[in-house]
**Q** 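Have a look at this one.
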Amino acid sequence: MIRLNCFLEIADSSLKQKAVDAAVELVELSLHDKGCISYEAFSSLTSDNHIEIVETWQDEESLKAHSESTHFKRLVPELEKCGTLTLEKFTF
C-alpha cells in the first residue's frame, strides 16, 4: 500500500474557500478511482492556512492511474494556484 500526505499552505486567506472547494471535489471524485483505499481532506485546527489531504492507494499502478485522471489534472493545479503544495510518500 501507498500513503500520501499532501500539505497545502494557502498563500492568502482570500484563497481558502477556493482551496477547500477544490480539495473537497478532489476527494469526492478520487474515492471512485480504482485502487483507492481512502482519501480524506483535513483543515488545521491551529492554522487557518493549512489543508492536508491523506490518501491511501492499493499499489503504484492505482496511484499512477489516479495521477493521470482528468479530475486530478484539473484540480491539483487549482490547489497549486492557492499556495504551496508539498508531499510525503510512504510505502508499506
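When reading the values below, keep in mind they use all heavy atoms of this one structure, side chains included, and skip hydrogens, waters and symmetry mates. In this chain, numbering begins with 1 at the start of the sequence shown.
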**Q** Of all residues at least two apart in sequence or in a different chain, which pass the side-chain hydrogen bond (donor to acceptor under 3.5 Å, both in side chains) check with Ser67?
**A**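 Not a single residue meets the side-chain hydrogen bond (donor to acceptor under 3.5 Å, both in side chains) criterion with Ser67.
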**Q** Could you pull out all residues at least two apart from Glu60 that satisfy salt bridge (charged side-chain N to carboxylate O under 4.0 Å, His left out)?
**A**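 Here the qualifying residues are Lys89.
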**Q** Please list, chain by chain and in numerical order, all residues satisfying ring-ring contact (aromatic ring centres under 6.0 Å, His included) with Phe72, sequence neighbours excluded.
**A**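 Result, ring-ring contact (aromatic ring centres under 6.0 Å, His included) vs Phe72: His66.
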**Q** Do the non-hydrogen side-chain atoms of Ser30 and His71 ever get within less than 4.5 Å of each other?
**A**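 Result yes, sub-4.5 Å side-chain heavy-atom pair found.
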**Q** Would you please name every residue forming a side-chain hydrogen bond (donor to acceptor under 3.5 Å, both in side chains) with Glu88, sequence neighbours left out?
**A**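 side-chain hydrogen bond (donor to acceptor under 3.5 Å, both in side chains) check on Glu88 returns Asn5.
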**Q** Using the side chain to side chain contact (heavy atoms under 4.5 Å, CB included) criterion, which residues pair with Ser62? Sequence neighbours excluded.
**A**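 In terms of side chain to side chain contact (heavy atoms under 4.5 Å, CB included), with neighbours along the sequence ignored, Ser62 is linked to Trp57, Gln58, Asp59.
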**Q** Can you sort out the partners of Asp48 under side-chain hydrogen bond (donor to acceptor under 3.5 Å, both in side chains), two or more places apart, ordered by chain and number?
**A**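 If we apply the side-chain hydrogen bond (donor to acceptor under 3.5 Å, both in side chains) test to Asp48, skipping adjacent residues, there are no hits.
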**Q** To check you understand the geometry: which heavy-atom pair defines the closest contact between Phe92 and Ile2, and what is its length?
**A**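 Here Phe92 and Ile2 meet closest at CE2-C, 4.3 Å.
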**Q** Provide the closest heavy-atom pair for Gly83 versus Leu8 in the form atom of the first, atom of the second, distance.
**A**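 So the minimum-distance heavy-atom pair works out to C-CD1, 3.9 Å.
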**Q** How long is the straight-line distance from CD1 of Ile10 back to OG of Ser43, given to the nearest 0.5 Å?
**A**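 That separation rounds to 7.0 Å.
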**Q** Which residue pairs pass the salt bridge (Lys or Arg N to Asp or Glu O under 4.0 Å) test with at least one member in residues 68-87, sequence neighbours excluded?
**A**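 Passing the test, one end in residues 68-87: Lys18-Glu78, Glu25-Arg74, Lys64-Glu68, Glu78-Lys81.
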**Q** Test of understanding: with side chain to side chain contact (heavy atoms under 4.5 Å, CB included), list the residues that count as partners of Thr86, not counting sequence neighbours.
**A**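 Listed in chain order: Phe7, Thr84.
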**Q** Applying side-chain hydrogen bond (donor to acceptor under 3.5 Å, both in side chains), can you list everything that pairs with Ser13, at least two apart in sequence or on another chain?
**A**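 By the side-chain hydrogen bond (donor to acceptor under 3.5 Å, both in side chains) rule, Ser13 matches no residue at all.
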**Q** Measuring from Leu26:CG to Leu79:CG, what's the distance to the nearest 0.5 Å?
**A**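 Separation between the atoms: 6.5 Å.
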**Q** May I ask you to test the Val76-Leu85 pair for a side-chain heavy-atom distance under 4.5 Å?
**A**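 Contact flag for Val76/Leu85 side chains = yes.
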**Q** For the atom pair OG (Ser38) and CE (Met1), what is the distance rounded to the nearest 0.5 Å?
**A**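 Answer rounded to 0.5 Å: 9.0 Å.
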**Q** Write down the atom of Ala23, the atom of Ile53, and the distance for their closest heavy-atom approach.
**A**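 Minimum heavy-atom contact is CB-CD1, 4.2 Å.
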**Q** Looking at residues at least two apart in the chain, or sitting in another chain, which of them share a side chain to side chain contact (heavy atoms under 4.5 Å, CB included) with Val20?
**A**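 Only Lys16, Gln17, Val24, Ile51 meet the side chain to side chain contact (heavy atoms under 4.5 Å, CB included) criterion with Val20.
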**Q** Which value, rounded to the nearest 0.5 Å, describes the distance between Leu31 atom CG and Ile37 atom CD1?
**A**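 It is 12.0 Å, given to the nearest 0.5 Å.
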**Q** Identify, with sequence neighbours excluded, every residue that meets salt bridge (charged side-chain N to carboxylate O under 4.0 Å, His left out) alongside Glu40.
**A**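 Glu40 satisfies salt bridge (charged side-chain N to carboxylate O under 4.0 Å, His left out) with no other residue.
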**Q** What residues form a side chain to side chain contact (heavy atoms under 4.5 Å, CB included) with Leu87, not counting sequence neighbours?
**A**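 By the side chain to side chain contact (heavy atoms under 4.5 Å, CB included) rule, Leu87 matches Leu4, Cys6.
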